[in-house]
J.: 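Got a structure for you, questions after.
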Amino acid sequence: AGPDQSVCGSSATLAANTPSIGTGTWSIISGAGGTVTTPSSPTSTFTGTAGVAYTLRWTIANAPCTPSSDDVVVTLVATPTTAAAGADQVVCGNTTTLAGNTPTVGTGSWSIIAGVGGSIPSPTSPTSSFSGTVGNTYTLRWTIANAPCAASTDDVDITLNPVPAVPTLTVTDPT
């Protein structure tokens with residue numbers, strides 16, 4: 001029936017052997033909602049629901065002989081949630097809270113793309129804190145991944161402005 005497959009999306013191309021004697025037929029053994037486009041083709045397209053693992057059976061029959069069969073597991077992986085890193089921020093001081101979206105499919109992680117000396121204490125939290133050096137602008141990337149699908153990314157710029165100095169008051173003696 002070919003090697004097990006893990007595919008991004010909702011369809012896969014099957015890879016069974018072509019029978020030299022007899023007739024081959026695909027059947028779905030487990031997993032709901034799938035369809036084999038051409039059940040008699042060893043290289044048929046299989047379509048199902050992303051996020052579901054299916055077991056398919058390739059059976060070669062030549063009556064009155066006993067048929068032979070082999071199973072393959074096709075895992076259809078859902079594409080990750082589209083990453084949204086939040087709006088650019090201009091902050092007074094050296095710390096802010098990030099505003100990434102929470103993935104419904106996949107896992108998220110923050111990384112620093114530009115800027116030196118920054119820190120993300122909880123890189124897998126969409127709302128992690130971020131601290132850096134005052135006077136710098138940082139570019140952070142929120143990545144949501146669900147292999148083998150391509151990851152989704154979005155960048156946000158964080159500008160850390162210095163806290164204004166406390167004014168001093170000079171009192172003059174009027175005498």
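This is a predicted model, so every value here is computed, not measured. Computed over heavy atoms, backbone and side chain alike; hydrogens, waters and symmetry mates excluded.
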J.: For T95 and S131, test the side chains for any donor-to-acceptor distance below 3.5 angstrom and give the result as yes or no.
T.: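 On atom types as modelled, these side chains do not qualify, holding no pair under 3.5 Å.
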J.: Contact between T124 and T107 at the side-chain level, heavy atoms closer than 4.5 Å - yes or no?
T.: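 In short, these two side chains do not touch, never coming nearer than 4.5 Å.
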J.: Side-chain contact, heavy-atom cut-off 4.5 Å: T139 with D157?
T.: yes
J.: For the backbone of V77 and the side chain of N146, can you confirm whether one donor and one acceptor N or O come within less than 3.5 Å of each other?
T.: no
J.: Mind listing the closest non-hydrogen atom pair of C8 and P148 along with its distance?
T.: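 Residues C8 and P148, closest heavy atoms: N-CG, 4.0 Å.
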J.: Can you give me the closest heavy-atom contact between L160 and G93, atom names plus distance?
T.: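 Looks like CB-O, 3.3 Å.
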J.: Would you check if S44 and P39 make a side-chain contact, meaning some heavy-atom pair closer than 4.5 Å?
T.: no
J.: Can you tell me which residue pairs pass the salt bridge (Lys or Arg N to Asp or Glu O under 4.0 Å) test with a partner in residues 117-141, sequence neighbours excluded?
T.: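 Applying salt bridge (Lys or Arg N to Asp or Glu O under 4.0 Å) to every pair that reaches into residues 117-141, excluding sequence neighbours, yields R141-D155.
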J.: For T38 and W26, which heavy atoms make the closest approach, and how far apart are they?
T.: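 In terms of heavy atoms, the two residues are closest at O-CD1, 4.4 Å.
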J.: For residues V52 and V105: do they belong to one hydrophobic cluster (side chain heavy atoms under 4.5 Å, members Ile, Leu, Val, Met, Phe, Trp, Tyr)?
T.: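 Different clusters: V52 never reaches V105 through Ile, Leu, Val, Met, Phe, Trp or Tyr contacts under 4.5 Å.
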J.: Any non-hydrogen side-chain atom of V7 less than 4.5 Å from a side-chain atom of T13?
T.: no
J.: Identify, with sequence neighbours excluded, every residue that meets side chain to side chain contact (heavy atoms under 4.5 Å, CB included) alongside S109.
T.: T143
J.: Determine yes or no for a side-chain-to-main-chain donor-acceptor pair under 3.5 angstrom, with T81 supplying the side chain and T104 the backbone.
T.: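 The answer is yes, because a donor-acceptor pair under 3.5 Å joins these two groups.
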J.: Is any side-chain heavy atom of L14 closer than 4.5 Å to a side-chain heavy atom of V74?
T.: yes
J.: Considering non-hydrogen atoms only, spot the tightest contact between G2 and V72 and give its length.
T.: O-CG2, 3.6 Å
J.: Looking at N101 and T82, would you say the former's side chain and the latter's main chain have a donor-acceptor pair under 3.5 Å?
T.: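 It does hold such a pair.
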J.: Find the distance between CD1 (I112) and CD1 (I120) and round it off to the nearest 0.5 Å.
T.: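 The CD1 atom of I112 sits 4.5 Å away from the CD1 atom of I120.
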J.: How long is the gap from OG on S119 to CZ on F130, to the nearest 0.5 Å?
T.: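 That separation rounds to 8.0 Å.
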J.: If we ignore hydrogens and angles and just use 3.5 Å, is the side chain of D4 paired with the main-chain N or O of V73 as donor and acceptor?
T.: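 Side chain of D4 to backbone of V73, a donor-acceptor pair under 3.5 Å: yes, one is there.
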J.: Examine distances only and state if a side-chain atom of S128 and a backbone atom of P123 form a donor-acceptor pair shorter than 3.5 Å.
T.: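 Side chain of S128 to backbone of P123: no pair is present.
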J.: If I compare all heavy atoms of P19 with all of W58, which pair ends up nearest, and what's the gap?
T.: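 Reported closest heavy-atom pair: CD-CZ2, 4.1 Å.
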J.: Looking only at non-hydrogen atoms, find the nearest pair between I60 and I21 and report the distance.
T.: CG2-O, 3.5 Å
J.: Spell out, as yes or no, whether a donor-acceptor pair under 3.5 Å connects the side chain of Y138 to the backbone of T133.
T.: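 Yes, Y138 side chain to T133 backbone: donor-acceptor pair under 3.5 Å.
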J.: Should T35 and T47 be marked as a side chain to side chain donor-acceptor pair (under 3.5 Å) after you check the CA-CA gap, both sets of side-chain angles, and the distance that decides it?
T.: CA-CA 5 Å; T35 303; T47 305; over 6 Å; no
J.: Between atom CG of L56 and atom CD1 of I28, what is the distance when rounded to the nearest 0.5 Å?
T.: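 Answer rounded to 0.5 Å: 6.0 Å.
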